[in-house]
Amino acid sequence: MSADGRSEGAEARAARAGRGTGATPSVRDAEAESASGEPTTLDAVSAPDAEGQPRRATRRFPKLTRDTARPEGGGRAAARDAPAPARQWPILAVLSAVGLGLLLTALDAFRIGTILIGAALLAGAVMRWMLPDVGMLAVRSRFTDLITYGVLGVAIVLLALMAQPNPLLEIPFLDDTLHFTVR
């Protein structure tokens, strides 16, 4: 038992966490606030990089989160000096095709409009798979985006092809499954 009433195990844990009397200078420095008054993390850091900022040396999450990580492939689709629309051309292409599909649907070309919406989502899945950087089209991991865009695109196209009247695609077991619907 130490003089302040803590057990030796608690004292060792506090020293490792940087709160006890045995704190190392690097931990004490990490606890101090920077000159600008911003709190710093208590994680282990390596030597400063070329910009003078220390980098994390462990894979542990920081105690203070400043932003979120960009999804894999979420970088610019064009060079930094290109205008903003050119940097985000993949999402603009998908949104333009979806907008055109919605316009066609509103103008009473339902089947063509919804097929175009589904095709735009499928094109988004293909771009997410093929291109290394797709900008804002990258929402989650590459795999999750592929599955989401692909499943939604296929479902919308299939539903558009099965829409009444005069469906272009008939699935035989649906008549047996939905026998209670009005024909």
Side-chain angles (χ1 to χ4, degrees), residues 38 40-41 43-178 181:
E38 293 184 27
T40 58
T41 62
D43 290 341
V45 291
S46 65
D49 63 2
E51 298 168 356
Q53 297 295 322
R55 295 293 167 206
R56 290 180 51 212
T58 67
R59 295 186 65 183
R60 289 183 179 170
F61 291 107
K63 294 194 186 294
L64 179 67
T65 304
R66 297 192 185 277
D67 60 359
T68 57
R70 190 180 332 179
E72 168 193 357
R76 294 177 179 91
R80 177 184 288 265
D81 57 345
R87 291 192 306 260
Q88 298 297 333
W89 69 267
I91 189 77
L92 290 176
V94 171
L95 288 177
S96 298
V98 168
L100 182 61
L102 289 172
L103 180 65
L104 289 173
T105 302
L107 295 176
D108 210 22
F110 172 77
R111 192 179 316 268
I112 295 170
T114 51
I115 288 174
L116 183 59
I117 293 169
L121 288 174
L122 290 173
V126 169
M127 282 190 279
R128 187 70 173 102
W129 179 37
M130 299 293 287
L131 300 175
D133 292 319
V134 290
M136 291 173 58
L137 189 63
V139 178
R140 298 163 201 89
S141 70
R142 189 177 304 268
F143 176 78
T144 304
D145 284 345
L146 279 173
I147 297 300
T148 304
Y149 294 144
V151 167
L152 289 175
V154 166
I156 290 172
V157 169
L158 288 178
L159 289 172
L161 293 175
M162 293 188 299
Q164 296 289 337
N166 304 323
L168 299 176
L169 176 67
E170 293 189 27
I171 299 177
F173 69 85
L174 285 181
D175 283 337
D176 297 333
T177 305
L178 303 173
T181 60

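Atom set for the values below is all heavy atoms of this structure, side chains included, hydrogens, waters and symmetry mates excluded.
Here CZ of Arg140 is found 5.0 Å from OG1 of Thr148. Values are rounded to the nearest 0.5 Å. The CD1 atom of Ile147 sits 11.0 Å away from atom CG of Leu152, with the distance rounded to the nearest 0.5 Å.
Counting all heavy atoms, side chain and backbone alike, Arg128 lies closest to Val134 at CD-CG2, 3.8 Å. Taking both residues in full, the closest heavy atoms of Arg142 and Leu131 are given as NH1-O, 3.2 Å, listed atom of the first, atom of the second, then distance. In terms of heavy atoms, Gln88 sits closest to Met136 at OE1-N, 2.7 Å.
Applying the side-chain contact (heavy atoms from CB on, under 4.5 Å) test to Val126 and every residue at least two apart in sequence or in another chain returns Met130. The side-chain contact (heavy atoms from CB on, under 4.5 Å) test applied to Ala125 returns Leu146, Tyr149, not counting sequence neighbours.
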Could you go through residues 96-121 and list every donor-acceptor pair under 3.5 Å that involves a side-chain atom there, pairing it with any protein atom two or more places apart or in another chain?
| unit_1 | atom_1 | unit_2 | atom_2 | d |
| --- | --- | --- | --- | --- |
| Ser96 | OG | Leu92 | O | 2.7 |
| Thr105 | OG1 | Gly101 | O | 2.8 |
| Arg111 | NH1 | Ala160 | O | 2.9 |
| Arg111 | NH1 | Leu161 | O | 3.4 |
| Arg111 | NH1 | Ala163 | O | 3.4 |
| Arg111 | NH2 | Ala163 | O | 3.3 |
| Arg111 | NH2 | Pro165 | O | 3.1 |
| Arg111 | NH2 | Asn166 | O | 3.2 |
| Thr114 | OG1 | Phe110 | O | 2.9 |
| Thr114 | OG1 | Arg111 | O | 3.2 |

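Tested against Ser141 for a side chain to side chain contact (heavy atoms under 4.5 Å, CB included), the candidates Val139, Thr144, Asp145 yield a single pass: Thr144.
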